[in-house]
Protein chains: 2
Amino acid sequence: MARLAGVSRATVSYVLNNTSTMRISEPTRRRVRAAAEELGYVPHAAARSLRAGHSRMVLMASPTVPLSPLYESFLGDLQAALGRMEYTVVQYGGPGCTGDAAVRAWAELRPVAVLAQSGHGLDPQGVAVLKRSGARAVLTLGPERVDGAHALLTDHSLVGQCAAAHLLARGRTRIGAVVPAERGLDVFSRPMVEGMRRAAEGTGAEVAELPLAHTEEAAARLAGRWRDLGLDAVFTYNDEYAMLLMRALQDEGVRVPAETAVMGADDLLLSRLLRPRLSTVRIELPSGQALAELVDRLVRAPGARTEAHDLLAATAVRREST
Amino acid sequence: MARLAGVSRATVSYVLNNTSTMRISEPTRRRVRAAAEELGYVPHAAARSLRAGHSRMVLMASPTVPLSPLYESFLGDLQAALGRMEYTVVQYGGPGCTGDAAVRAWAELRPVAVLAQSGHGLDPQGVAVLKRSGARAVLTLGPERVDGAHALLTDHSLVGQCAAAHLLARGRTRIGAVVPAERGLDVFSRPMVEGMRRAAEGTGAEVAELPLAHTEEAAARLAGRWRDLGLDAVFTYNDEYAMLLMRALQDEGVRVPAETAVMGADDLLLSRLLRPRLSTVRIELPSGQALAELVDRLVRAPGARTEAHDLLAATAVRREST
DNA sequence: TTGAAAGCGGTACCAG
DNA sequence: CTGGTACCGCTTTCAA
């Protein structure tokens with residue numbers, strides 16, 4: 001920077017970082033600060049971390065699929081909490097940033113921690129590359145775990161289990177499972193169905209998987225053959241698909257819940273606005289603050305054995321549609 | 001890196017960057033590549049850009065408020081398109097990352113281009129800091145323009161204008177404008193109301209602003225005093241608020257559209273699922289590809305005068321609620 | 001065809 | 001108290 005403030009860059013560094021081991025006179029400090037202000041000087045993060053040998057950057061690989069508002073706000077909280085701990089949080093990539101290339105791109109930035117959602121195709125080898133490149137913590141967020149990385153598990157089978165249990169308790173025995181036809185979402189929907197099957201096990205109830213695209217036409221088609229399916233209940237991937245299907249069923253004359261019970265997930269505001277009011281599965285995640293503290297611990301104690309943490313809790317919310 | 005591949009690091013650099021001015025023998029190339037593979041070597045982006053004096057990083061300041069799916073996908077496209085042009089796109093920050101501190105944080109990363117949405121409080125001085133720190137292009141995205149930055153204008157007054165014109169054409173004269181009570185959204189909602197007023201000008205029609213929080217209770221309260229308001233139409237910030245209000249109005253016995261016409265915005269899938277089907281304003285944005293090319297041009301020709309580009313186009317979609 | 005060396009912007013020692 | 005200097009990992013020029 002402007003060592004045209006009349007001092008050496010070492011002095012500038014001392015002043016701007018408040019280095020306590022070095023005593024700098026007040027007048028000098030003022031001169032330096034004034035010059036920095038004047039020039040709009042901002043230190044060069046790359047140079048700093050090059051010298052330091054490590055950065056304070058936490059890289060969050062941004063989601064490859066649209067996320068529920070719950071996840072959005074969870075990730076926002078996490079980000080804010082990490083920010084308060086003096087980490088520089090950066091979101092990298094988007095749809096189509098997966099696999100080996102993604103890992104290399106992340107590693108180039110030399111983050112001190114990486115948080116990747118399922119869907120980026122992170123594998124044990126990728127984790128190793130990241131660690132060798134200086135990442136002291138690699139975490140995955142999603143229903144799967146990856147060797148070498150800490151897992152923040154969102155076990156969506158709990159959601160399916162919770163829903164199916166609720167429907168069984170309401171006396172339903174032939175249950176449809178609406179899963180998005182859109183690819184990329186099956187990481188979440190597959191465990192969901194599995195959870196439903198687990199809940200149905202031994203009860204004699206059946207679970208039938210029903211792919212559904214996120215369009216009116218697809219919903220109308222599904223509703224059109226609804227009575228042939230002979231189902232008395234359906235649980236959908238989330239409230240939006242539930243709305244979509246319920247609308248189509250009603251248009252088809254299928255009575256909800258008399259003929260078919262409908263249950264959604266995520267407890268969106270809209271679930272309370274539908275008629276009948278939509279029963280749903282409320283999903284809860286821990287506070288971003290708590291996760292930020294975990295990340296911080298992992299960064300400080302890089303030797304720690306990789307653990308798995310269960311994040312997700314699900315509870316059924318009964319309204320009028322079941 | 002492993003100059004333990006038996007060569008100097010200069011050679012490594014040549015090989016991995018395919019430097020054409022230097023001719024490296026095939027055997028050497030192979031040895032280098034093998035070693036890189038073996039060690040999981042990934043170059044250090046910071047060191048590279050430090051040496052080069054500039055980076056290929058495009059920093060997108062991530063939104064401070066939840067965005068409509070349309071914007072989400074627009075930004076996703078832009079990001080993908082920039083990625084294809086060999087830029088490293090990074091999203092920085094989130095809610096609460098505003099003002100001077102935000103600008104400094106961005107500048108530390110020495111991005112070659114910055115794209116900030118309205119709501120970060122970027123001011124001309126902030127733009128200057130960014131430019132001095134090496135940003136060759138600073139762009140704002142939103143309804144406001146900032147001195148020194150290129151403006152990608154999303155003029156939401158067009159949305160209001162379009163909606164009001166539609167309602168006027170349907171013979172409505174006392175029009176409510178539902179704006180989110182949540183702060184941070186007024187950057188968008190204020191121009192919207194202004195556009196409505198502009199359309200109503202000289203027609204004798206009136207526009208009344210109605211703040212509404214995104215909750216059932218708030219909607220019920222508003223619906224409770226609806227008849228006192230004496231409105232025959234209402235346009236809402238978006239389809240979600242429209243759904244919220246329409247539900248409350250119906251529960252209150254207000255007939256839609258007979259007594260009150262309701263119009264939303266964004267043309268979400270849900271607008272077609274409501275009964276009556278919701279009229280809405282469809283918003284269109286240019287392709288992310290086109291914007292990416294603009295960014296690229298600006299980066300290459302940093303001298304260019306700052307321009308403003310109008311991004312947003314609005315068209316009314318009439319359904320059953322108006 | 002390859003290597004040695006300088007230098008990008010900071011930080012941290014050590015000498016003055 | 002302050003300045004000189006080495007060094008972080010990489011690119012690039014120049015010399016061998």
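Not measured: the values here are computed from a predicted model. Note that these values count all heavy atoms, side chains included, but never hydrogens, waters or copies made by symmetry. Letters A, B, ... mirror the listed sequences (proteins, then strands); counts begin at 1.
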field: Side-chain N,O (B:S25) to OP1/OP2 (C:dT2) below 4.0 Å
entry: yes
message: Rounded to whole Å, please give me the gap between NE2 in B:H44 and P in D:dT11.
response: 12 Å
- request: Let me know the distance between CZ of A:R29 and C1' of D:dT2, rounded to the nearest Å.
  value: 12 Å
task: Return the 5'-most residue of the pair A:N17, B:A52 with respect to DNA chain C, ranking by each residue's nearest nucleotide.
output: B:A52
- prompt: Please give, in whole Å, the distance from C:dA12 P to A:I24 CD1?
  reply: 13 Å
task: Could you pull out all residues at least two apart from A:F74 that satisfy ring pair (Phe, Tyr, Trp, His ring centres under 6.0 Å)?
output: none
- request: Rounded to the nearest angstrom, tell me the gap between atom CG in B:N18 and atom C1' in D:dT11.
  value: 15 Å
Do any side-chain atoms of residues 128-145 of chain B form donor-acceptor pairs under 3.5 angstrom with protein atoms, and if so which ones, sequence neighbours left out?
residue	atom	partner	partner atom	Å
B:K131	NZ	B:G148	O	2.8
B:R132	NE	A:L39	O	2.8
B:S133	OG	B:L130	O	2.8
B:R136	NE	B:V299	O	3.1
B:R136	NH2	B:V299	O	3.2

- prompt: What is the distance, rounded to the nearest whole Å, between atom CZ of B:R110 and atom P of D:dC10?
  reply: 20 Å
For residues 95-104 of chain B, which side-chain donor-acceptor pairs fall under 3.5 Å, sequence neighbours excluded?
none

- prompt: Any donor and acceptor pair, going by atom type alone, linking the side chain of A:R31 with main-chain N or O of A:E26 inside 3.5 Å?
  reply: no
I'd like a table of atom pairs between the protein and nucleotides 3-6 of chain D - only N or O on both sides, under 3.5 Å - with the distance next to each one.
residue	atom	partner	partner atom	Å
D:dG3	OP2	A:S8	N	3.3
D:dG3	OP2	A:T11	OG1	2.8
D:dG3	O6	A:Y14	OH	3.4

- request: Assign the ring pair B:Y71 / B:F188 to parallel, tilted or perpendicular, where the plane angle (0 to 90°) is split at 30° and 60°.
  value: tilted
query: Of all residues at least two apart in sequence or in a different chain, which pass the salt bridge (Lys or Arg N to Asp or Glu O under 4.0 Å) check with B:E38?
result: none
task: Could you tell me the separation between the CD atom of B:E26 and the P atom of C:dT2, rounded to a whole number of Å?
output: 10 Å
- line: Taken to the nearest whole Å, CG/A:L109 to P/D:dG9 is 16 Å
task: Would you indicate what A:R23 reaches in the nucleic acid, counting non-hydrogen atoms under 4.0 angstrom: base, sugar-phosphate, or nothing?
output: base
task: Take the protein atom CG of A:L50 and the nucleotide atom C1' of D:dG9, then report the distance between them rounded to whole Å.
output: 5 Å
field: Residue list, salt bridge (Lys or Arg N to Asp or Glu O under 4.0 Å) with A:D155, at least two apart or on another chain
entry: none
